[in-house]
Amino acid sequence: TQPDQRILPVDIILKEGVNIFNNKTNTSVIIDIISNKTGVDEGNILIATTSNSDGGTTLTVTIIGDEDELRRVQEAFDEGDITDDITKRTSLTPVEVNVGDAKFE
């Protein structure tokens, strides 16, 4: 039986423009960071990008997991662990993170 799978939406707002995402490495590094920090399987982390009017980018990260996994995700974002790693391991500067509410799939 499947545990209760939920979807957690997270918006990570970056200072940089969306053209940096032509480089797939950044996206896979971010997925790797979230997966390593939280134990969520990489296949359950999806990233979409949208351009912001100020020239920055919003990464809409969709994380699928059970209650425990999503709690770890929430805590890792709250503590700034994930954004610190994004800053260190990519050239990106997260300026704001908004973690949404988990919804059932």
Side-chain angles (χ1 to χ4, degrees):
T1 51
Q2 275 289 79
D4 285 342
Q5 292 288 297
R6 297 168 191 208
I7 297 176
L8 183 71
V10 181
D11 283 342
I12 302 174
I13 297 162
L14 302 173
K15 205 167 65 177
E16 293 81 9
V18 82
N19 58 345
I20 47 158
F21 280 93
N22 297 343
N23 178 352
K24 281 285 173 238
T25 346
N26 282 335
T27 316
S28 49
V29 169
I30 293 170
I31 290 173
D32 182 58
I33 290 168
I34 296 172
S35 176
N36 284 341
K37 293 273 180 206
T38 63
V40 173
D41 188 86
E42 292 198 5
N44 286 340
I45 303 168
L46 311 166
I47 299 184
T49 58
T50 30
S51 298
N52 302 343
S53 54
D54 64 3
T57 304
T58 299
L59 304 186
T60 303
V61 185
T62 304
I63 300 163
I64 302 164
D66 61 28
E67 207 176 334
D68 288 343
E69 288 173 323
L70 297 185
R71 191 176 312 113
R72 285 198 299 272
V73 170
Q74 177 92 51
E75 285 165 2
F77 274 110
D78 286 349
E79 289 159 11
D81 284 358
I82 292 174
T83 45
D84 287 351
D85 268 24
I86 291 172
T87 306
K88 278 187 212 125
R89 290 182 53 193
T90 69
S91 56
L92 309 177
T93 313
V95 285
E96 193 183 322
V97 175
N98 299 311
V99 180
D101 295 321
K103 298 174 183 62
F104 285 104
E105 261 194 297

Evaluate Glu16 against Thr57 for side chain to side chain donor-acceptor pair (under 3.5 Å), listing each step before the verdict.
CA-CA 6 Å; Glu16 293 81 9; Thr57 304; over 6 Å; no

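In this structure, the side chains of Val99 and Val10 come closer than 4.5 Å at one or more pairs of heavy atoms. Side-chain contact check for Ile63 versus Phe77: some heavy-atom pair is nearer than 4.5 Å.
More than 12 heavy atoms of other residues, nucleotides or ligands lie within 6.0 Å of CG in Asp54, so this atom counts as buried by the packing criterion.
In this model, no donor atom of one side chain and acceptor atom of the other lie less than 3.5 Å apart for Thr38 and Glu69.
To the nearest 0.5 Å, atom CG of residue Asp85 and atom CD1 of residue Ile33 are 5.0 Å apart. Between the CD atom in Glu42 and the CD1 atom in Ile31 there is a gap of 7.0 Å [rounded to 0.5 Å].
Each of Ile86, Asp81, Val61 was checked for a side-chain contact (heavy atoms from CB on, under 4.5 Å) with Ile34, and the lone residue meeting it is Val61.
In this structure, the side chain to side chain contact (heavy atoms under 4.5 Å, CB included) partners of Thr58, at least two apart in sequence or on a different chain, are Asp11, Ile13, Thr50, Asn52, Thr60. Listed by chain and residue number, Arg6, Arg71 satisfy the salt bridge (Lys or Arg N to Asp or Glu O under 4.0 Å) test with Glu67 (two or more places apart in sequence, or in another chain).
Heavy atoms only, all atoms of each residue included: Gly39 and Arg72 are closest at CA-NH2, 4.4 Å. Val40 and Val73 get closest at one heavy-atom pair: CG2-CG2, 3.9 Å.
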